[in-house]
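One structure is given below, encoded as structure tokens.
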Amino acid sequence: MNERKTLEERAQMTDLERLRHSCAHIMATAILRLWPNAQFAYGPPVENGYYYDFELDHRITPDDFPKIEAEMKKIAKENHKFERKVISREEAIALANSGRLGGLTERPGNASQFKLDLIEKIPVGEEISLYQNGDFIDLCAGPHVNYASKCKNNKLMSIASAYYMGDESKQQLQRLYGTAFPTTEELDKHLEQLEEAKKRDHRKLGRELQLFAIDDQVGQGLVLWLPKGAILRQELQNFIGEELRKQGYQQVFTPHIGKLELYKTSGHFPYYKESQFAPIIENEHLAEVAHEGCTCAEVMERLDAVSSRLRDEINDRAGREVIAHDRVKPDAELLQGFLLKPMNCPHHIRIFAQTPKSYRDLPVRLAEFGTVYRWEKSGELGGLTRVRGFTQDDAHLFCTEDQVAQELIGCLALVKTVLNTLGMTDYRVRVGLRDPDSSKFTGNPEQWDKAEAACRDAAATLGVPFTEEPGEAAFYGPKIDFVIKDVIGREWQLGTVQVDYVLPVRFDLTYAGADNKAHRPVMIHRAPFGSMERFTGVLIEHFAGHFPTWLAPEQVRVVTVSEKSESFAQKIYTDLQAANIRCSLDNAADKIGAKIRNAQLDKIPYMLVIGEKEMESGNVAIRHARKGDLGVKLLADFIADVTTEVRERLL
RNA sequence: GCUCGUGUAGCUCAGUGGUAGAGCACGUCCUUGGUAAGGACGAGGUCGCGGGUUCAAUCCCCGCCACGAGCUCCA
């Protein structure tokens, strides 16, 4: 965030970005005319528009938008030229000190502090330039459009705050978002698309279609799957279950909690303590602690003291082979207790370790729909995409070094099968590498290099472009993520495949090789959906609630034209049920138009309209939610068609 | 967690310093109608929660909770 673009990168700005960047200057000008002492920081174009960050005592609210927009219109009409001027560093600093940068006039006593910071960041020897439009002068490398009149198709979108320099420890600035297009038509179309997108928001559809709920009395970020949503989820799980059997996975089940010691060994507890629910301390220990007169705060301190020491010990050992007897020793000071599991791997590892393994046993592939709990900050929760308890379609593969490449390819193939079956083609692939500067990663560099190379090679076999992103790895290894955007443009990681040389070491996993010596297996963590919650959320938006028949909670609704056809409709309903088709019968006193409307609003794939004509002919009149009237057919043929459609999971 | 905004019936939303309203959904009855809304009547609310100001608070003030947007974070 807010990384300085190089001059080369700036030169590559598209025409649209250039326009929006200019609009940011116009916006700043308008704000200054209304509030002359505003101090501006960054104002770049972004994917769907632009923003400018600024400091201002007056809190901008949406009520202020009309007057800012009116002022922007006026400025566009004044149609000043954008003029570029190269100046020396000294001149730039002098202008900033006078408050002139990011201002309409000199502002004594109100220096352009953010601009001074920016100047400092400009490498020595690089050209420093200003852009002026009317009275507004800004420190800016450009480029810009030639005249302000290009910026007339503008709309302010939202006001929010942002940390200065993207740093949580720094002050928060106001950030005003706008969007702009070359023509009014394009702007209107964009705004229309935003309205359309809102209609497919999974939070809205989830409520309307009764798929899931998040209830205040249950807790923030804890998803309740309603009966209809549960059908959807169960179908997804059946689907992936079939694929897993084909690929030689074995199903396991594990509990929702594990001992703190387990997570000390895995590294979760010391490393990610702040992202976990607080430990569950055994009653006996709580009583002891209480007897000693420990306050809550002291209990927390004891946990903290121990965990920070653990962290130090583990960091000391980073980079060398660690085996079980060298693990963190049980610690008398550490309160005994349990953790709600943040990941399933430790449990699966202990399943693997139950019996000695030989190279002939590998790979071992253990799968579970495992529910995990993570303490996400409250402001980050939302809908199904970011929650505190979620179920991963998880599996852990234990294999030999030689098998890694092939297993990775198998995992990626599985993710692709899943996405193709659902028609989700609009995704990007990210290879997450470690950030060499961060202490958040365990293991030694050679292992990481091997694992990263394996991921890179596997990703290259996918046949889709991928990006490599340092700092995006899991703490135990690099990963290949499938990333998809939601309806408001936010990106979410769904499927993921991760290579792990670290946890087998921490848990001292071994297998007997052909040489009859102990060898270290390699682990692969993978989840094609990622989490059932997040995936379902994205899926709802992908289909806009119009699920393919195999996923639809209700597949067929039988609607009667009048009471006269009720007995025939009843028989059809019974036959559909006997054929395992999820259906209902609407024999209410509504008119047929109303019944059809209701079925449409419920987004049920098929309606069978049953009246006197059908009674006489023995046919059913078929209406599809998206394709409309499909004419009549024998019931048996309809059932056969739907059954095939469901079995083959057609879209 | 931070900033701003929002919170009124199951849903979508009006509204007021004097304890509330619409449409849809729901219930009953009438209607038996052929591919996106037939009609009548009825029931339904501690106006998010807790304090404060006031003769009086759903409305004003403060705190909390939840939701939304953005930021930060995301094993």
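Just so you know, these numbers use all the heavy atoms, side chains as well, and skip hydrogens, waters and symmetry mates. Since we're looking at a predicted model, the values are computed, not measured. Within every chain, numbering begins at 1; the chains are lettered A, B, ... in the order of the sequence lines, protein sequences first and strands thereafter.
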_Out of the candidates Gln172(A), Gln171(A), Glu168(A), Lys170(A), only one should pair with Tyr163(A) under the side-chain hydrogen bond (donor to acceptor under 3.5 Å, both in side chains) rule; please name it._
Gln172(A)

_Any side-chain N or O of Gln220(A) below 4.0 angstrom from OP1/OP2 of rA66(B)?_
yes

_Separation of the P atoms in rA22(B) and rG63(B), to the nearest angstrom_ = 36 Å

*Indicate whether OP1 or OP2 belonging to rA69(B) is found under 4.0 Å from a side-chain N or O atom of Ser158(A).*
no

*Mind checking the C1' distance from rU46(B) to rU58(B)? Whole angstroms is fine.*
10 Å

*Centroid-to-centroid, Phe352(A) to Phe507(A), below 6.0 Å?*
no

*In the strands shown, is rU32(B) matched to any nucleotide by a Watson-Crick or G-U wobble pair with both distances under 3.5 Å, and which?*
none

*Any side-chain N or O of Tyr606(A) under 4.0 Å from OP1/OP2 of rU35(B)?*
no

*Is the phosphate of rC74(B), meaning OP1 or OP2, less than 4.0 Å from a side-chain N or O of Arg534(A)?*
no

_Check the phosphate of rA69(B) against Arg203(A), side-chain N and O only, distance under 4.0 Å to OP1 or OP2. Yes or no?_
yes

*Which one, rA75(B), rG33(B), rA69(B), comes nearest to the side chain of Ile488(A)?*
rA69(B)

_Arg207(A) vs rU12(B): side-chain N/O to OP1/OP2 distance below 4.0 Å_ = yes

*Hey, is the side chain of Arg175(A) poking within less than 4.0 Å of OP1 or OP2 on rU3(B), counting only N and O atoms?*
no

*Within the structure, does a side-chain N or O atom of Lys595(A) lie under 4.0 Å from either OP1 or OP2 of rG34(B)?*
no

*Does a nitrogen or oxygen in the side chain of Gln600(A) sit under 4.0 Å from OP1 or OP2 of rU35(B)?*
no

